[in-house]
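Data block below; observations after.
As a basis for the values below, the full set of heavy atoms in this structure was taken, side chains included, without hydrogen atoms, waters or symmetry mates.
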Amino acid sequence: MTNSITRELGPLDVTSRATAPHQRRAVDYLRVSTEEQRLGYGIASQARKNSRHIADKGWAHISTYADEGVSGSKEMGERPDFDRLMVDAERREFDVVVVERGDRIGRVGRAFCRWVWALEDIGIFVAITNRNIDNTTPEGRAQMRREADYAETEWENIRSRTQGGLQEKAEEGGSPHIGGRPPYGYRIEDKGLKGSYLVVDEGEAGLVRLVHGLMVESGLNLRQAAIRLNAAGHTCRSGRPWSVANLRDRVLSRAVLDGEVVFRGRHAIKDADGNPIWGETVAIPLPRILGENEAAALRRASGTRKNSSSHNHATYSLSGRLIGLCGAPYTGISRESVAAGRRNYRCSGKNDRIPGEAVCDCSYVDAEVVEQRVWSEVVALFGDSQRLTALAAEWVGLSNGDRTAHADRIADLDKQVDSMKASIAAVIVASAKEQQPPDAIVTATRALNEELRQLEEMRADAAAWLAEVEEADQHARDLKALAGMAHHQLTDIPLWQQGQILTLLDVKVHIEGPVPVRRGGAPCNVQAWYASAGLDIPAADLSDKQWESIRHLLPQGYRERVRRSVDAIFAKARTGLSWPNFQTKYGSTSTCSKYFVEWSTNGSWAKVNAALAEVERVPLPVLDLMPPVRIEGRVDPRVILIPDGQSPTLSRATTAPYDPDAR
């Protein structure tokens with residue numbers, strides 16, 4: 001969540017606004033998850049409760065923000081209306097945000113607290129409807145803290161119970177259904193009941209066996225098998241035609257080839273030692289669709305083609321980072337093209353995902369041209385220390401005013417902690433004077449100790465946030481120092497190192513207009529002749545007098561075909577366009593091309609240009625092969641500046657757009 005806001009009111013200043021005479025402007029935020037929607041819970045009931053609460057408080061209800069079907073575990077930057085709410089908060093378009101419960105913001109209490117703190121720093125209140133509390137008073141803030149603590153504890157309990165039940169079910173034997181869609185070839189028996197399990201779906205299993213026959217017995221590859229299936233009217237579960245990727249994922253799955261699925265496999269949440277947090281990995285056996293020998297034969301027939309994209313990054317630094325007009329990424333074409341001296345990027349939208357479907361018409365992009373342009377922008381960024389530091393500050397998302405607010409908040413929490421400790425000590429002393437038993441003293445101080453624990457946890461979280469701000473500020477200073485020396489060091493590094501830096505900056509290059517490339521991507525051989533000869537080009541078609549001065553140097557042609565070919569060659573040299581562009585004006589371009597190859601080889605073309613030394617000429621044009629682009633990136637100083645001995649890791653931090661036109 002971006003919090004790049006100049007501080008106007010701190011957490012201690014907010015309370016003074018509670019007595020302001022004007023009517024507060026209130027907005028409410030509504031969220032329901034997909035599971036809540038499935039169970040029939042909508043946002044209407046939340047809206048009614050919030051509206052009543054706002055009316056009871058005498059506030060003016062000016063707007064509502066709602067995210068439907070959004071999980072509470074999603075980051076705040078992944079909720080469209082929540083993000084819109086925060087943008088409007090920065091503009092101070094309201095005074096208080098109303099939510100039905102704290103977990104509407106996040107299931108983790110820390111996320112809720114930080115959100116409340118961020119709004120406090122702007123001078124905006126938060127109200128929770130179901131508890132009838134808000135943070136306009138110290139008592140309200142204490143209640144809100146307990147609400148956040150309760151939400152996190154409850155979520156952890158629910159998750160622990162759920163994960164424990166899934167682990168127990170996975171280990172109980174047979175082929176239990178743990179959740180989600182069953183693998184292709186299988187269906188859920190007793191769906192919706194406690195003991196549901198997986199069995200073979202005969203319809204889908206029949207298609208698996210059909211693919212086995214096509215590939216093993218008929219020798220077809222995956223693409224050919226997909227074409228055959230689509231032609232016969234077979235579709236995926238969704239009803240769409242088969243693509244090569246779908247066929248590979250469904251028919252060559254672990255379930256089909258090995259007769260098992262893995263619970264808590266490679267995607268399981270793990271601890272620092274690499275062990276699954278919620279339980280051990282379990283291989284769940286399934287009834288086989290194919291025998292072991294049949295599965296082995298299908299595996300051999302499908303082959304294992306190594307992904308070649310990774311080695312192309314050594315020669316194509318923008319592979320996957322160049323986005324075409326169709327929205328698909330460009331990738332560098334194979335090394336064979338590099339060996340032939342042609343380095344181009346090709347849009348992946350040209351791959352027919354479903355065999356036979358229409359593909360995009362994006363043109364190839366000259367690799368050297370676009371790489372030089374993008375890299376020049378990166379070098380310019382590192383050479384502009386002021387701009388780089390500003391981007392780093394945007395990434396940090398926290399201003400000096402925020403740091404002051406955090407320090408004030410910590411000081412306030414320290415006072416509350418000291419006060420709570422004094423209260424606990426006073427209760428203990430009073431109980432001891434009354435000679436109460438130890439159990440009674442524990443009972444008397446239990447609520448106070450719980451309050452102290454919550455205060456200390458909040459104080460630790462606020463201190464950690466302040467430390468992040470200070471650490472980020474230091475990184476920004478280091479980044480500025482790096483910029484001072486990097487400008488000269490970055491200009492000549494090899495492509496593979498450029499690719500690494502582009503990865504760290506997460507650069508994306510969006511093509512925003514036609515790509516000016518020649519058909520076939522081959523250089524113009526006529527322009528190449530003039531470039532090697534160091535000559536300019538006649539500025540226009542030849543006059544009758546000029547033609548008469550050179551016609552004896554060339555063979556006689558039918559109906560002045562030779563003269564038209566000479567003019568066509570000059571026109572091609574002036575423009576660099578492909579031959580078909582001149583057919584309407586000059587006639588057969590195959591004849592023109594044939595004549596030029598013959599004359600440039602036998603020396604006739606050099607004599608023609610020598611005889612025309614006095615005609616008006618124009619320089620050889622430089623064809624700009626660079627399409628209009630928009631370059632974006634992310635500057636994360638924690639990623640760029642890696643301490644010695646540590647491995648670089650990418651972070652999903654708040655980002656700042658890299659706009660080359662902003663310089």
Side-chain angles (χ1 to χ4, degrees), residues 325 333 337 340-347 350 360-370 511 513-628:
L325 288 171
I333 54 180
S337 64
R342 298 184 303 273
R343 292 182 63 249
N344 288 286
Y345 287 95
R346 178 180 183 273
C347 183
K350 291 184 177 299
C360 76
D361 58 356
C362 293
S363 302
Y364 282 48
V365 175
D366 184 279
E368 183 175 357
V369 170
V370 70
I511 296 175
V515 180
V517 297
R518 307 178 187 92
R519 290 187 178 275
C524 173
N525 58 346
V526 180
Q527 286 190 335
W529 186 92
Y530 277 96
S532 62
L535 294 175
D536 289 342
I537 307 162
D541 290 352
L542 298 179
S543 65
D544 292 341
K545 182 178 179 180
Q546 292 166 346
W547 168 245
E548 290 298 329
S549 68
I550 65 166
R551 65 180 302 174
H552 64 283
L553 300 173
L554 300 171
Q556 296 296 315
Y558 178 68
R559 293 184 180 177
E560 295 192 336
R561 181 173 294 173
V562 174
R563 180 175 179 177
R564 290 200 304 271
S565 295
V566 171
D567 287 333
I569 294 169
F570 288 147
K572 180 168 175 56
R574 286 193 299 270
T575 63
L577 298 175
S578 57
W579 284 115
N581 289 279
F582 307 101
Q583 187 167 353
T584 301
K585 183 175 182 180
Y586 298 108
S588 173
T589 54
S590 61
T591 301
C592 300
S593 176
K594 182 186 70 173
Y595 277 152
F596 178 76
V597 172
E598 178 184 334
W599 298 339
S600 61
T601 302
N602 64 22
S604 299
W605 196 245
K607 295 176 182 178
V608 166
N609 280 272
L612 295 174
E614 301 303 321
V615 303
E616 180 185 358
R617 291 177 176 260
V618 294
L620 185 69
V622 177
L623 182 61
D624 184 7
L625 300 178
M626 184 69 195

Side chains of R551 and V562: closer than 4.5 Å at any heavy-atom pair? no
Check: Q546 main-chain N/O paired with S549 side-chain donor or acceptor under 3.5 Å: yes
Kindly compute the distance separating CG (D536) from CG (N609), expressed to the nearest 0.5 Å. 10.5 Å
For V369 and D366, the nearest pair of non-hydrogen atoms, with its separation, is N-OD1, 2.9 Å
Which heavy-atom pair separates S604 from L554 by the least distance, and what is that distance? CB-CD2, 4.2 Å
Is it true that a side-chain atom of S532 and a backbone atom of A528 form a donor plus acceptor pair closer than 3.5 Å? yes
Where is the tightest heavy-atom contact between V597 and S600, given as atom of each residue plus distance? O-OG, 3.2 Å
Between CH2 of W579 and OG of S588, what distance do you get to the nearest 0.5 Å? 10.0 Å
Using modelled atom types only, decide if a donor and an acceptor are shared between the side chain of Q527 and the backbone of A573 within a distance under 3.5 Å. yes
What class does the angle between the rings of Y530 and W605 fall in, given that below 30° is parallel, 30 to 60° is tilted and above 60° is perpendicular? perpendicular
Using every non-hydrogen atom in the two residues, find where R574 and A540 come nearest and quote the distance to one decimal. NH1-N, 3.6 Å
How close do I569 and C592 get, heavy atom to heavy atom, and via which atoms? CD1-O, 4.1 Å
Measuring from Y586:OH to D541:CG, what's the distance to the nearest 0.5 Å? 3.5 Å
Out of curiosity, R564 CZ to Y595 OH, how far, rounded to the nearest 0.5 Å? 10.0 Å
Note, F570 side chain near L612 side chain (heavy atom, < 4.5 Å): yes
Which atoms form the tightest heavy-atom contact between P628 and P514, and what is the distance? CD-O, 3.7 Å
Is any NZ, NE, NH1 or NH2 atom of the basic residue among R563 and D544 found under 4.0 Å from an Asp or Glu carboxylate oxygen of the other? yes
Whether over 12 other heavy atoms sit under 6.0 Å from K607 NZ: no
Are C360 and K350 packed together at the side-chain level, in the sense that at least one heavy-atom pair is separated by less than 4.5 angstrom? yes
Kindly compute the distance separating OG (S593) from CG (N525), expressed to the nearest 0.5 Å. 6.5 Å
Residue E614 excluded, over 12 heavy atoms near CD under 6.0 Å: no
Heavy atoms, side chains only, cut-off 4.5 Å: are V566 and W547 in contact? yes
Roughly how far, to the nearest 0.5 Å, is the CD atom of E368 from the CG atom of N344? 11.0 Å
Evaluate the side-chain proximity of L542 to I550: yes if any heavy-atom separation is below 4.5 Å, no if none is. yes
